[in-house]
Amino acid sequence: MTAASACGKIILLGEHAVVYGRPALAVPLPQVRATAEVETLEQGEAGAVRIEAPDVGLSTWLHTLKPDHPLAKIVHMVRQALKIEDHPALELRVRSSIPVASGLGSGTAVSVAIVRALSKHWGVPLNTEQQSALAYEVEKLHHGTPSGIDNTVVAYEQPVHFIRGEAPKPFSIGTSTTLVVGDTGQRSNTSVAVGNVRKAWQADTARYEALFDRIGEVVDRGRAAIKAGDLAALGSLMDQNQALLQEMGVSSSELEMLIKAARSSGALGAKLSGAGMGGNMIALVDAAEAGSIEKALQAAGAKWTLTAEVGP
Ligand code: PMV
């Protein structure tokens with residue numbers, strides 16, 4: 001049996017505007033992971049792949065899935081990339097502890113875990129860039145214009161400063177930095193959120209370009225604050241980013257409730273993370289206060305919370 005895994009991710013600053021060429025910062029979330037296991041089957045036709053993905057209620061053969069099903073697409077693409085034309089029947093088991101459709105990169109992590117497990121199983125190594133590029137092809141199924149930030153941070157498993165179309169710049173966070181993550185329990189549909197922003201941008205391009213520019217500036221200042229180890233400044237920039245995301249129409253009353261609860265219980269700053277309209281929010285906190293902020297989020301309706309140390 002061959003196994004591999006991939007981490008979840010958090011967008012610290014810059015989601016949505018990153019689709020329009022502005023910079024964004026993302027960090028890995030290794031505390032939650034997707035795992036893929038590959039095992040050769042004694043029986044079954046050559047080339048057959050049994051897929052077991054209990055978290056999404058899937059137990060079937062690859063050939064019964066449409067070619068644009070995310071799991072089918074990644075398996076087909078890995079076979080193509082590795083030039084595997086024929087192989088003994090195998091079973092692919094996929095599990096994930098990353099909440100689904102909630103802005104934490106669960107789909108991307110599943111893709112990267114499968115890429116890693118299959119390439120290991122067939123003994124053909126793929127570098128980080130290749131893993132990221134394959135996962136990017138699956139991102140395109142979710143919405144037509146993915147920036148590529150999700151597949152990049154998940155495949156690199158390092159904080160990245162990302163600009164669409166440019167080589168990602170991995171960086172390290174030198175100061176102890178604690179985030180509390182809170183899930184609204186509402187699904188965040190990336191294609192709907194990105195589609196809504198696109199329609200709004202088409203209807204009022206000047207207003208949206210100005211919002212994206214302001215987010216870009218917040219990201220640049222955020223990168224400088226991280227370099228300087230200035231967490232108070234970073235928290236305030238997260239709040240500014242949230243105000244701009246709210247203006248863009250991608251927040252929700254549930255997200256706002258959790259963000260307010262985090263701020264009023266002492267967070268340095270808080271914002272939604274990912275596509276929004278549901279999904280998760282993040283709060284930058286003093287490590288000593290993480291527990292009480294998690295409790296405050298739960299009291300405000302969070303369905304799931306997590307404290308993550310993203311520093312050194
Ligand atoms: O799919 P999510 O929730 O991780 O959001 C991805 C981030 C967006 O900026 C909204 C889309 C993108 O392609 O960058």
Side-chain angles (χ1 to χ4, degrees), residues 6-29 32-34 70 96 98-112 132-133 135-157 159-166 168 179 181-201 208-209 211-216 218-219 222 238 241-242 244-252 254-255 271-282 304 306 308:
C7 63
K9 70 102 216 317
I10 286 170
I11 298 187
L12 211 48
L13 294 169
E15 51 274 271
H16 287 290
V18 70
V19 174
Y20 298 81
R22 275 46 165 210
L25 301 178
V27 297
L29 192 58
V32 286
R33 304 191 76 85
S96 175
I98 310 170
V100 176
S102 66
L104 297 181
S106 83
T108 317
V110 163
S111 295
V112 173
S132 175
Y136 180 71
E137 293 304 311
V138 180
E139 297 298 293
K140 285 189 195 160
L141 298 172
H142 300 303
H143 70 98
T145 56
S147 64
I149 191 169
D150 282 19
N151 47 287
T152 302
V153 66
V154 169
Y156 281 75
E157 202 159 337
V160 287
H161 177 259
F162 184 87
I163 300 177
R164 190 174 185 171
E166 294 183 11
L179 293 173
V181 186
D183 193 347
T184 59
Q186 284 181 307
R187 290 200 146 211
S188 166
N189 185 324
T190 307
S191 80
V192 171
V194 171
N196 285 356
V197 171
R198 181 155 303 271
K199 274 185 232 138
W201 171 75
Y208 272 74
E209 283 292 323
L211 284 168
F212 299 151
D213 281 341
R214 286 168 66 196
I215 291 178
V218 164
V219 173
M238 287 168 64
N241 194 166
Q242 175 58 23
L244 294 164
L245 287 162
Q246 200 181 14
E247 266 190 68
M248 277 166 55
V250 292
S251 194
S252 72
E254 288 81 357
L255 280 165
K271 64 181 275 292
L272 67 84
S273 183
M277 296 176 74
N280 279 274
M281 49 70 69
I282 55 171
W304 175 87
L306 175 79

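Keep in mind the model is a prediction, meaning the values are calculated, not measured. Whatever order the structure lists ligands and atoms in, that order sets their numbers, starting from 1.
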The reported gap from CZ in R214 to CE in M248 (rounded to nearest 0.5 angstrom) is 11.5 Å
Under a 3.5 Å distance rule, please check whether T184 uses its side chain to pair with a backbone N or O of G279 as donor and acceptor. yes
Derivation and outcome, side-chain contact (heavy atoms from CB on, under 4.5 Å), residues L12 and I282: CA-CA 8 Å; L12 211 48; I282 55 171; 4.2 Å; yes
Which of the numbered atoms in ligand 1 are below 4.0 angstrom from a heavy atom of E15? 9 (O)
For atom 6 (C) of ligand 1, which of V19, T108, D150 has the closest heavy atom? D150
For S132, does its backbone N or O pair with a side-chain atom of Y156 as donor and acceptor, under 3.5 Å? no
Measure the distances from the heavy atoms of K9 to every atom of ligand 1 and state whether one is below 4.0 angstrom. yes
For side-chain contact (heavy atoms from CB on, under 4.5 Å), just list the numbers for I11 and H16, CA-CA rounded to whole Å, side-chain angles, deciding distance to a tenth of an Å, and then say yes or no. CA-CA 10 Å; I11 298 187; H16 287 290; over 6 Å; no
Check: A275 N/O within less than 3.5 Å of ligand 1 N/O: yes
Under 4.0 Å from ligand 1, counting heavy atoms only, is it the side chain of I11, its backbone, both or neither? side chain
If the cut-off is 4.0 Å to any non-hydrogen atom of G274, which atoms of ligand 1 fall inside it? 3 (O), 5 (O)
Taking only non-hydrogen atoms of V18 and a 4.0 Å limit, the atoms of ligand 1 in range are 9 (O), 14 (O)
